[in-house]
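Here the structure comes first, spelled out in structure tokens, and everything after it is commentary.
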There are 2 protein chains.
Amino acid sequence: MATEHDKYIKPSVAVDIVVFTIMENELKVLLIKRGQQPFAGMWSLPGGFIHIDESPEDAALRELEEETGVKDVYLEQLYTFGRPNRDPRGRVISIAYYALVDSSKIKPHVTGAEKIENVQWVDVSDLPKLAFDHEDIVGYALKRLRYKMEYTAVGLELLPDLFTLTDLQRVYEIILSEKLDKRNFRKKVLSMGVVEPAKIYKKGPHRPAMLYRFKKSKPASTFKRIKFEG
Amino acid sequence: MATEHDKYIKPSVAVDIVVFTIMENELKVLLIKRGQQPFAGMWSLPGGFIHIDESPEDAALRELEEETGVKDVYLEQLYTFGRPNRDPRGRVISIAYYALVDSSKIKPHVTGAEKIENVQWVDVSDLPKLAFDHEDIVGYALKRLRYKMEYTAVGLELLPDLFTLTDLQRVYEIILSEKLDKRNFRKKVLSMGVVEPAKIYKKGPHRPAMLYRFKKSKPASTFKRIKFEG
DNA sequence: TTTCTTAGTGTAATTAATACACTACTACTA
DNA sequence: TAGTAGTAGTGTATTAATTACACTAAGAAA
């Protein structure tokens, strides 16, 4: 039977992922150097075409694991980019995701086909020119991440299982590019009830800090909004 | 030249639109009765397949105009639904949008192929069972609309060019399903600077009310958040 | 035991949100 | 033409949330 959707020339459907992590006190994005045309030699976002039997989320997770070796990530759909000429090869619609990964979980050398020199974590404030419309996608992801930081505890996703409140504050300060008041920050985070003390102390050269963990029971989105950027 | 994306069986890509309007003091959604299998005879969201040379936004606007006769709408991408078996005909990925239209702009009889009895505005609180995963899509759209109402002036999109502040308050009350304080509501809306008085009064049997218009200069998103629903 | 460095804590001032009730204006009708 | 019905329009006091701000505590190292 000829079905309705067979009448149309079909676009290809891909996923692209903006993977954020915090390394060296900077917010970084994962980039891949393209090996083929178009845009051969240029940096681009990790991603690829959706397999016919997998959901877009699964495709994003698969690509992500192939390219970073990371499995447990926070992944959120961002936006679907579908301008007809965004890909010179033909019609490609891309479902963009962003992911947050704890840098301590990233495997030191990359699995899969990509060579190490073709994979790189780059400062968001120092991005090279990117292939396709990937600069737009990164911009969009950054906006969404910052926005979400203002009123949720999504920043927890960038930290290891145990962390100090100072670590968490640093994550917020790096992403929002602004200094936060220590007492007010702690007051807010603790009043949200999204973290709980692990009753273990971090060892080190100075005063030991209480380690906290993410309280799984609470949804991560109970932050009270601070302000709104238009 | 064989390109990378030719290797994959391609899914079909569609758009579905949740069109909201306010009629009879209720928030309504536009539904279309399906004429063919699958789900023949069931109600569904307006939508259709993307043409190969149009952006998803254009496809959504085209479908919308075909089915409601409305051109000037507020349209926002919602989410892309791509579960492998969401459509029994085969792999169909749907980019969902929601739209807000002023009910006074809706043409009384529908243009295009749809028969009038197959098109209907339904109360969001009284939806029938819908085809495909369209109930999920409506639920998602409602959540997003209510959320956005809390901190932006998006409700303006449901009103004609000139409206009273009481009209605007009614829109917010209907969508949020809660009564708002008149003085506080007016204070907030006016302090946002998103509307300006038209210096014309609405005529009627009672005290004439000042008509306002949407101030185009300001972005619609300057509302201060009231509260957060998790 | 002193110094260095980070951890941890409370209160007062300011700002934003809420609760709340009366007068003003017009059309209609008696 | 005075009264009534019905919507428009306005301000202030209370409460809650956010912000600003500075010292003591603990351990490691010299």
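When reading the values below, keep in mind they use all heavy atoms of this one structure, side chains included, and skip hydrogens, waters and symmetry mates. Residue numbers start from 1 in every chain, and the chains themselves are labelled A, B, ... in the order their sequence lines are given, proteins ahead of strands.
Atom CG of Asp181(B) and atom P of dG9(D) are 15 Å apart (whole Å). dA17(D) atom C1' lies 17 Å from atom CG of Leu190(A), rounded to whole Å. As rounded to whole Å, 13 Å separates atom P of dA7(C) from atom CG of Leu168(A). At whole-Å resolution of the value, CZ in Arg183(A) and P in dA17(D) are 20 Å apart. As rounded to whole Å, 12 Å separates atom P of dG27(D) from atom CE of Met210(A). Lys179(A) has its NZ atom 15 Å from the P atom of dT19(D), to the nearest Å. Atom-to-atom, OH of Tyr201(A) to C1' of dG27(D) comes out at 13 Å; the value is rounded to the nearest Å. Across the protein-nucleic acid pair, Tyr151(A) atom OH and dT18(D) atom P stand 16 Å apart, rounded to whole Å.
Heavy atoms only, all atoms of each residue included: Val194(B) and Phe214(B) are closest at O-CD1, 3.5 Å.
Comparing Lys187(B) and Pro208(A) by the nucleotide of DNA chain D whose heavy atom lies nearest to each, the residue mapping closer to the 5' end is Lys187(B). Along DNA chain C, the nucleotide nearest to Gly204(B) and the one nearest to Leu165(A) differ in position, and the one closer to the 5' end is contacted by Leu165(A).
Checked against the 6.0 Å centroid criterion, the rings of Tyr212(A) and Phe163(A) do not qualify as a close aromatic pair.
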Between the protein and nucleotides 4-6 of chain C, list the N/O to N/O atom pairs that are separated by less than 3.5 angstrom.
residue : atom : partner   : partner atom : Å
dT5(C)  : O2   : His206(A) : ND1          : 3.4

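For Asn184(B), taking side-chain heavy atoms from C-beta onward, the closest of the listed nucleotides dT18(C), dC21(D), dG8(C) is dT18(C). Taking every side-chain heavy atom of Lys188(A) into account, dT18(D) is the closest of dA20(D), dG11(D), dT18(D).
Environment of NZ in Lys105(A): crowded, with over 12 heavy atoms of neighbouring residues, nucleotides or ligands closer than 6.0 Å.
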*Could you walk me through whether Arg86(B) and Phe81(B) pass the side chain to side chain contact (heavy atoms under 4.5 Å, CB included) check?*
CA-CA 8 Å; Arg86(B) 57 180 295 283; Phe81(B) 293 80; 3.8 Å; yes
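A sub-4.0 Å separation between OP1 or OP2 of dG9(D) and a side-chain N or O of Arg186(B) is present.
With respect to Lys33(A) and Glu117(A), no salt bridge is recorded, no charged nitrogen being found less than 4.0 Å from a carboxylate O. Classification of Glu150(B) and Arg146(B) as a salt-bridged pair fails, no side-chain N sitting under 4.0 Å from a carboxylate O. Of the charged side-chain nitrogens involved, none lies within less than 4.0 Å of a carboxylate oxygen, so that Asp161(A) and Arg213(A) do not count as a salt-bridged pair.
A 3.5 Å limit on both hydrogen-bonding distances identifies dT1(D) as the Watson-Crick or G-U partner of dA30(C).
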